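A short worksheet on the structure shown next.
Each ligand, and each atom within it, is numbered from 1 in the order the structure gives. These numbers come from the heavy atoms of this one structure, side chains and all, not from hydrogens, waters or symmetry mates. Keep in mind that this is a model prediction, so the values were computed, not measured.
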Amino acid sequence: MEVISVEGGHPITGTVTVEGAKNSALKLMAATILAPGVTTLKNVPNIADVHVMGKVLKELGATVEVVDEHTLSIDTSAVNSWETPYSLVAQMRASTAVLGPLLARFGKAIVAMPGGCNIGARKIDMHILGLQALGVEFDVDHGDIHASAPHGLVGSTVTLDFASVGATENLIMASVHAKGTTVIDNAAREPEIVDLANMLNEMGANIEGAGSPVIEIHGVGELHPVTHAVVGDRIEAGTFVAVGGIVGQPVTVRGFDPNHLGLVLRKYEQMGLTIERGEREVTVSRSRDIMPIDIQTLPFPGFPTDMQAQTMCLLALAKGTCIITENVFENRFMFASELQRMGSNIVIQGHHAVVHGVEGLSGAEVRSPDLRGGAALVMAGLVADGITTVSDIYHIDRGYERFVEKLQSLSARISRVVIPTPDFGVS
Ligand code: UD1
């Protein structure tokens, strides 16, 4: 078993560069199905989830070549299957992003019901309702979703109950060739949606309004392959900004658009962090106590749920009491019980966490409950007294490239350690 071991309480400072956004790269990879031929994706993070999406595409008949560490060349001309197996979808919920492109290209798709990060039910009913409005028929058989559009996809107006990122993306991709115009009302506005629409438009699609709550997709004929660079990862960036904020010494985070972290940076300033914004970087430092503030997670441009755990870590050390309200995912407070083991004082009440700031944290053995919670526990370990050991780090590897090495480059005393599997005396 591999764990991350952190010795807290040492100075941490320097500059770190983030990779391309996981949440964009996965959808861009799926979108290559729409443009038969060789698409080159640059600035792709070298993380486990990207490897899973590569396997999904290969399973469908694509060729995925690693050109260099951050460049993939994906040839989708020979894609000849529309079935995504459970073994892959169970590993990563975002595999369902192939549903839309497969429907657009073949008029049919079979996708297993999703698994992935353990943060609640994470249904896909909005994807299904939206696609039904475009003429797609669904059948569920032995846990597989069978989708088909026997009469082709036809543009329609879809109003989402909630600005779901995944549903917005699947609907955009499904409707690029649909007859007429598709309107997605109450669409998600995340920067990753804009990145997807930009690449599809470069491929010849006609998508207007990405980044606003109303997106219009005017159906077109064939798309052509392109070369496209993935947008910088605002959540990886935000995680390192939070690291700078918790340790206090200056940390510069490069390779992303600070506007994509707008509300996070403003909230962090209210907490007493000093943030200097550059064009593609921010520098964070802190010379005073962390002030208590309340936050609530919401779809973009609201406070991202993917920054909730890292922010809870900062607030666990605030001079007072704060309330964090999680509006996007259920079960996203699992991280709090691990942080309690490090001496925090957090009371969970439904989808609210009441965080009573404490003077300091102490090192402990903790378990990474999910991707962002795992990163946040490492972050807590950087300021805790003594050694913190974080297990189940495969969650962190899903979304952070060289997380430990990047923290080492900031002088953190941190390493990955292989520990023997416990011997229970049973042969
Ligand atoms: C994406 C991101 C994830 C981020 C989330 C919200 C990827 C790979 N993941 O996830 O990191 O935390 O956006 O910013 O891009 N829901 C339904 N029915 C549906 C679809 C969603 O009930 O059909 C619910 C979900 O269970 C969840 C909420 O809506 O409670 C938001 O989900 P959604 O925005 O779709 O998130 P994902 O696309 O899964």
Which option out of A21, A25, G166 puts a heavy atom nearest to atom 38 (O) of ligand 1?
G166
Decide ring-ring contact (aromatic ring centres under 6.0 Å, His included) for F403 and F240; before the verdict, give the C-alpha distance in whole Å, the side-chain angles of both, and the deciding distance to 0.1 Å.
CA-CA 10 Å; F403 192 50; F240 283 109; 5.7 Å; yes
Return the option from E169, K123, R372, E192 holding the heavy atom at the smallest distance from atom 20 (C) of ligand 1.
K123
Just to be sure I'm reading this right: ignoring hydrogens, which of D370, D306, V165 gets closest to atom 3 (C) of ligand 1? Compare them by their nearest heavy atoms.
D306
Which heavy atom in I47 sits nearest to a heavy atom in D397, and how many Å separate them?
CB-O, 3.8 Å
In ligand 1, which numbered atoms sit nearer than 4.0 Å to a non-hydrogen atom of D125?
17 (C), 18 (N), 19 (C), 22 (O), 23 (O)
Which is closest to atom 23 (O) of ligand 1 by heavy-atom distance: M126, K27, R332?
M126
Which of the ligand 1 atoms, numbered from 1, are nearer than 4.0 Å to a heavy atom of T305:
6 (C), 12 (O)
Kindly check if the number of other-residue, nucleotide or ligand heavy atoms within 6.0 Å of CD (E65) is above 12?
no
Less than 3.5 Å between some nitrogen or oxygen of A167 and one of ligand 1, yes or no?
no
What atoms of ligand 1 come closer than 4.0 angstrom to any heavy atom of A94?
8 (C)
Closest non-hydrogen contact found for L34 with A104 is CD2-CB, 3.4 Å
Counting from 1, what ligand 1 atoms have a heavy atom of F162 closer than 4.0 Å?
28 (C), 29 (O), 31 (C)
Can you list the ligand 1 atoms lying under 4.0 Å from a non-hydrogen atom of V328?
27 (C), 28 (C), 30 (O), 31 (C)
Counting only heavy atoms from other residues, nucleotides and ligands, does the tally under 6.0 Å from CD of E365 exceed 12?
no
Can a donor-acceptor pair be found between the side chains of E208 and H218 at a distance below 3.5 Å?
yes
Neighbour count above 12 (heavy atom, 6.0 Å) for E269 CD:
yes
